[in-house]
4 protein chains.
Amino acid sequence: MHKKLISAALKNYALYGYHGATMKKIADEVGIKPASIYFFYKNKEELFIAAFQQLLDRHFQKMESIFHENQDKPVKQIFTEMIHGIVSHHTGDMQGTDAYISLVTSPIDEISQYLHQHMQRYNNWLVDTLQSSLRKSYPQITDAEMNRIIKQFVLIGNGVFWGIKLYKGKDFEEQVVLAIQILESLFDELNEKYVSTNKP
Amino acid sequence: MHKKLISAALKNYALYGYHGATMKKIADEVGIKPASIYFFYKNKEELFIAAFQQLLDRHFQKMESIFHENQDKPVKQIFTEMIHGIVSHHTGDMQGTDAYISLVTSPIDEISQYLHQHMQRYNNWLVDTLQSSLRKSYPQITDAEMNRIIKQFVLIGNGVFWGIKLYKGKDFEEQVVLAIQILESLFDELNEKYVSTNKP
Amino acid sequence: MHKKLISAALKNYALYGYHGATMKKIADEVGIKPASIYFFYKNKEELFIAAFQQLLDRHFQKMESIFHENQDKPVKQIFTEMIHGIVSHHTGDMQGTDAYISLVTSPIDEISQYLHQHMQRYNNWLVDTLQSSLRKSYPQITDAEMNRIIKQFVLIGNGVFWGIKLYKGKDFEEQVVLAIQILESLFDELNEKYVSTNKP
Amino acid sequence: MHKKLISAALKNYALYGYHGATMKKIADEVGIKPASIYFFYKNKEELFIAAFQQLLDRHFQKMESIFHENQDKPVKQIFTEMIHGIVSHHTGDMQGTDAYISLVTSPIDEISQYLHQHMQRYNNWLVDTLQSSLRKSYPQITDAEMNRIIKQFVLIGNGVFWGIKLYKGKDFEEQVVLAIQILESLFDELNEKYVSTNKP
DNA sequence: TATGAATGAGATTTCATTCAT
DNA sequence: AATGAATGAAATCTCATTCAT
């Protein structure tokens, strides 16, 4: 029931925002009465804190698992697979995506703080992880250049992410293709610098 | 008073969402009583529809004026200036930006429709405008290539836009710099292809 | 404008009752703004008192004029013409009729009192008037018998009146016919008693 | 509580009309808070629809029971007892009577429709019932004559009913007496026609 | 576990009324 | 003669929450 309530809470949050997601709507969704929710959660705020934590934890876990599935492939492919991973994670759970977007503009303090922590943690993990992957393929790469390419990757990832809400169908697929093309040209530049001597 | 009410509505929408932006909060903000709002707008929904229309119209107008200020400059600069324009428009009106983000997940039908129309109109204008700028500098450019570079520009713009909510200060400035670097490399490729006279 | 306001007030009273007849609805009906009503009437209560007075006065005047048009005809015909008069007065002004019905259940003190006075005055006039008509045709009629026939006439008139709201078209017309048949048999009885010697 | 609410709703409707019968007044009457009414009825309209249905159903049931108590008596007495029944039903529940009168001018669609259905049903039942009673006592009576006497009975009943609101005390009692006198003379006529054996 | 009944607080909206213009 | 702007009061209704069962 905890799981079902969190899921219903997120769905309603995505649709109507915090104040629009009422205990009644959530209760209806899981087939109980509003009063019953209080058996599982102290109040509305606690329910939503639990829901948001789950949302962000799941996002983190998904990104980790995508990385682990691809960590032995060539770096470029790791990067492109992560783009695909972001896309499939979010398009496959539109309600979670909407909730995530709404979170970013949320004014509730406890939420904002947790979101900020999550961002920090996610970013650190991403940078650490991608740095080691890059270093493996380009041993002489400078820290600055690593940072640059990782941040550009994130920038492109963000562009694709926001596109999820702006484009549908073919239009969105095209965005993904174009994002990966950019990524590839970034790696082409890297290759020219660090691996040109490899091709005799 | 209409203007003040719309402004207050947007601010509160950005902060608390549709259901959290109460008529009382909005009235307090402009120094009248909640009942008085109904002299200017039939109900809450109509107030917000007016507010959202203004928000989107302003966004469009801002983009147009940025373009017109730069239309005689070299293409590459037009593109980079538009990135700067997007950034300054949104960072200078954070409340409007938050409102815009929330709009994207809004379930209110009339809003969603108007948003969709706006997107269509904005996109068409952007493509038309940038195409003619590109054609002037690269007369032999193919339609496909024009489309590609414009869409990649949009993708990068979206990445920068979403970054506004994720990064602050130096971190965000770095994102803009990196975005422009990507844009520049895209134009470098174009130049290689079409500005053959550069290579004597 | 006074006339138009009273008319609009009555119409809305008939439709929605006192509390449902809002100053806005009344103002809309006559094409002015609610604030303007206060130029003509001190407040809602005064407007309605004026309206109800007019309603009852008109009713009284109508009955008087019906009587005067028929006062030289045979008594029986006077009685039947008055039934027709009641019918045509009320069916021709359904909104006034509804207002009149609602008045009867109205809890507003000033109204109830005025209504009661009107009833008294109307009843007295009716009895006086019909008595002298009856006396002219049946000189030996007792006061008791006069009273009886007048009250039965009123009873039948009330039955027809209430039927206005219960029946439509043919069904209502039939009620009128049946009412007049009853009246006629009442007069047949009178004739047997007082004018049998007239038929040699 | 449902019963108490309906009763309070009818009382306040009779007193103040639909718009004057506020949820607060009704709640006060039954000793709860206005918000609590919404636990039992979705909104004001549904409460009143339930109340009106009960009002009309009770009226119908009362008339049926009056008939059943008297069905074995002579026809004439059935008719006069029903007049007495109408009177005692309505004078004994003045609030219900006022509510009933107000209903007749109600503009609320769902109410009007239900009222119309009730009228139809009540009328059909009345005609059917009285026809069989008449046929028992006057086997040779024509359908036309039966219809006539039933409709005249209804007409007189309506006159008495409307008199409830116009006369008090002795004056009203006199109306009932006069009504029954009329009924009796109607039956006298019937007897003359069909009970020829009375005149040896 | 779950709910029926209830409520205080507050949200949206309506309404009669005022007042300066 | 009429209205735009405003408001206090109140009406309808919603909502998070409580508590006894």
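Within every chain, numbering begins at 1; the chains are lettered A, B, ... in the order of the sequence lines, protein sequences first and strands thereafter. Predicted model only: the values in this text are computed from it and were never measured.
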Measure [atom1]/[X] against [atom2]/[N] and give the value in whole Å, please.
X	N	atom1	atom2	result
C/I26	E/dC15	CD1	C1'	12 Å
B/K42	E/dT12	NZ	C1'	13 Å
C/N43	E/dC15	CG	P	17 Å
D/M23	E/dT12	CE	P	20 Å
D/K44	E/dT14	NZ	P	14 Å
A/H19	E/dT12	NE2	C1'	16 Å
A/E45	F/dC15	CD	P	18 Å
D/D28	F/dA10	CG	C1'	13 Å

Listed by chain and number, what are the salt bridge (charged side-chain N to carboxylate O under 4.0 Å, His left out) partners of [X], not counting sequence neighbours?
X	value
C/D98	C/K165
C/K62	none
B/K11	B/E29

For D/Y13 and D/F52, run ring pair (Phe, Tyr, Trp, His ring centres under 6.0 Å): C-alpha distance rounded to whole Å, both residues' side-chain angles, the deciding distance at 0.1 Å, then the answer. CA-CA 10 Å; D/Y13 178 71; D/F52 294 147; 4.7 Å; yes
Considering residues at least two apart in sequence or located in another chain, which fulfil the side chain to side chain donor-acceptor pair (under 3.5 Å) criterion with [X]?
X	value
A/H116	none
D/Y41	D/H2
D/D28	D/K24
B/Y114	B/D57

Can you list the residues that meet the side-chain contact (heavy atoms from CB on, under 4.5 Å) rule with D/A51, with sequence neighbours excluded? D/I6, D/A9, D/L10
Distance-minimising heavy-atom pair for D/I101 and D/F161: CG1-CZ, 3.8 Å
Can you list every stem that DNA chain F is part of, counting only runs of 3 or more consecutive Watson-Crick or G-U wobble pairs with both distances under 3.5 Å? E:2-21 with F:2-21
Which residue pairs pass the salt bridge (charged side-chain N to carboxylate O under 4.0 Å, His left out) test with at least one member in residues 34-53 of chain C, sequence neighbours excluded? none
Please confirm whether the shortest side-chain N or O distance from B/K24 to OP1 or OP2 of E/dA11 is below 4.0 Å. no
Near DNA chain E, which residues from residues 32-39 of chain C have a heavy atom under 4.0 Å away? C/A35, C/Y38
Return the residues of residues 7-17 of chain A meeting this criterion: a heavy atom under 4.0 Å from some atom of DNA chain E. Order them by number, or give none. none
By nearest heavy atom, map B/M1 and C/F40 onto DNA chain F; which one lands nearer the 5' end? C/F40
